[in-house]
Amino acid sequence: MAKKITYNKIDENLYEIPEDFEKGMNVPARFYASRNTLGIITNDNSLNQLINVAKLPGIIKYALAMPDIHQGYGFPIGGVAAFDYDGGLISPGGVGYDINCGVRLLKSNLQKEEVQNHIKDLTSMIYYSCPTGTGKGACVNVSEKELRKILQNGAGWAVKNNYGDSRDLDYIEDNGQLTADDSYVSKRAIERGKYQVGSLGSGNHFLEIGYVESIYNRKLAQIYGVRENDVVVQIHCGSRGFGHQVCTDYLKKLSSYINKNNINLPDRQLVYASIHSEEGKGYFNAMNAAANYAFNNRQVLTHYVRRSFEKSLKVLKKPVHLDLIYDITHNIAKIESHTINGKKKKLIVHRKGATRAFGPNHEAIPDKYKNSGQPILVPGSMGTYSYLLAGTEKAMQDTFGSSCHGAGRTMSRTQARKSFGANKLILQLSKKDIHLQAKSKKGVSEEAPGAYKNVNDVVNILNSSGLVEKVARLRPMAVIKG
DNA sequence: ATGTAC
């Protein structure tokens, strides 16, 4: 029986497991929770995983967990961990299998009332032009040569090949391109990647048409360009089989590195390497290549969503366009500079099921949003609300400029399948005027809102902690799932 | 998350 985890209350919604709680911890472990979510969080293995992360060498300040934390591979999902760049620790478990899983938000020039009567046709048009589900299926099949260009150029590949506008790139985290040497990618990953360029995938990935239901902050909403009743689209997907293969490949390579260097790990799933070693450099480059694959994936899907809107809504007899508000990543490790004890320090920040949430005036934020902080997109569970938030200076100080990525599971996929029937869920959504088009019933059951925390709670925890500013809330009209 | 088992 594992020993009971004890923690101190630091602030209204912030708890800390002290450094002396368990031998080997280098820093305390901190997690954001409310009275409501505390019981859920302590119910799985995620806090033990967070304690193990706190034992890794070179970790800075604390191992952090956002309010959507749940158990993952090695590191908890909803976790943030920053490591000293000189020590150079990088770990695939701190990123996850779905490298650069992320979400983008598009805003149309249409109002809810204009789209409502055509929602089923529109959804169907998108569903048949954007492949969903596991396995092969792509908007565009590419040769190895073209795939390698995607791995190097990210979303820039899509724009260059007429899947989007060059302005789109300004509104993607890191402009949709990270530096990557694709020679570190395995042949097998390349093979899997060729047939999934422009595909949604399955699991919690989705494509959603919705509208701006309420505005919390008029000034910020104006800067981001959203008003009540505006029709919006969210695309949530990642690097598909390509990223999965990269993770698999490097877990194996880094496991050999751990053995070769006689490193003791708190958990075998926490394999890592120094980014300055050949193995670590390899993972970093392959991970960035997968991130580029995902950025490009979301960009190609955007193109087909735009074409579907134009075709399906011809009846409106007006030009229809969708502008990208922002595209944000959920699963990645990045080299960033942060102020630690008054001094600028180069860090490797792992965000797994967590997003970047930079505050106002950060150099990485597009000019248009400079004064408002970075847009943060928090999709809720299927058929519930999603949020548009803004990063704050407090997030820079307390969480290395990070926020949560969603509602966060409370139930395993298996448990959810046993607990919720797909037909009943579809009916429940339809009663709320939400149209669902899904490839598999299994997927629908696994994604039942009852298997997730309440996204309103999660967002309010971060808001009351000062880490995010609430800008707007989105309500779904139609959801496409794998 | 994932050719849900190399």
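Protein chains get the first letters and strands the later ones, always in sequence-line order, with residue 1 at the start of each.
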inquiry  = Could you tell me how far apart A/L251 (CG) and B/dC6 (P) are, to the nearest whole angstrom?
reply    = 13 Å
Test ring-ring contact (aromatic ring centres under 6.0 Å, His included) applied to A/Y224 - qualifying residues, sequence neighbours left out = A/Y369
task = Check every strand shown and say whether A/G238 touches a base, only sugar-phosphate, or nothing at a heavy-atom separation below 4.0 Å.
result = nothing
inquiry  = Once side chain to side chain donor-acceptor pair (under 3.5 Å) is applied, what residue pairs with a partner in residues 273-289 of chain A remain, sequence neighbours excluded?
reply    = A/Y184-A/E278, A/K260-A/E279
inquiry  = Run the salt bridge (Lys or Arg N to Asp or Glu O under 4.0 Å) test against A/D323 and tell me which residues pass, sequence neighbours left out.
reply    = none
key: ring-ring contact (aromatic ring centres under 6.0 Å, His included) contacts touching residues 286-305 of chain A (sequence neighbours left out)   = A/Y163-A/H303, A/F242-A/Y293
ask   = For A/R307, does the CZ atom sit with more than 12 other heavy atoms under 6.0 Å from it, leaving out its own atoms?
value = yes
note = To the nearest angstrom, the CG-P distance between A/D98 and B/dT2 comes to 6 Å
ask   = What's the NZ-P distance between A/K187 and B/dC6, to the nearest Å?
value = 21 Å
ask   = For DNA chain B, what residues of residues 399-415 of chain A have any heavy atom nearer than 4.0 Å?
value = A/R413
request  = Can you tell me the distance, in whole Å, between the CD atom of A/E447 and the C1' atom of B/dT2?
outcome  = 14 Å
task = State which residues pass ring-ring contact (aromatic ring centres under 6.0 Å, His included) with A/H435; sequence neighbours excluded, sorted by chain then number.
result = none
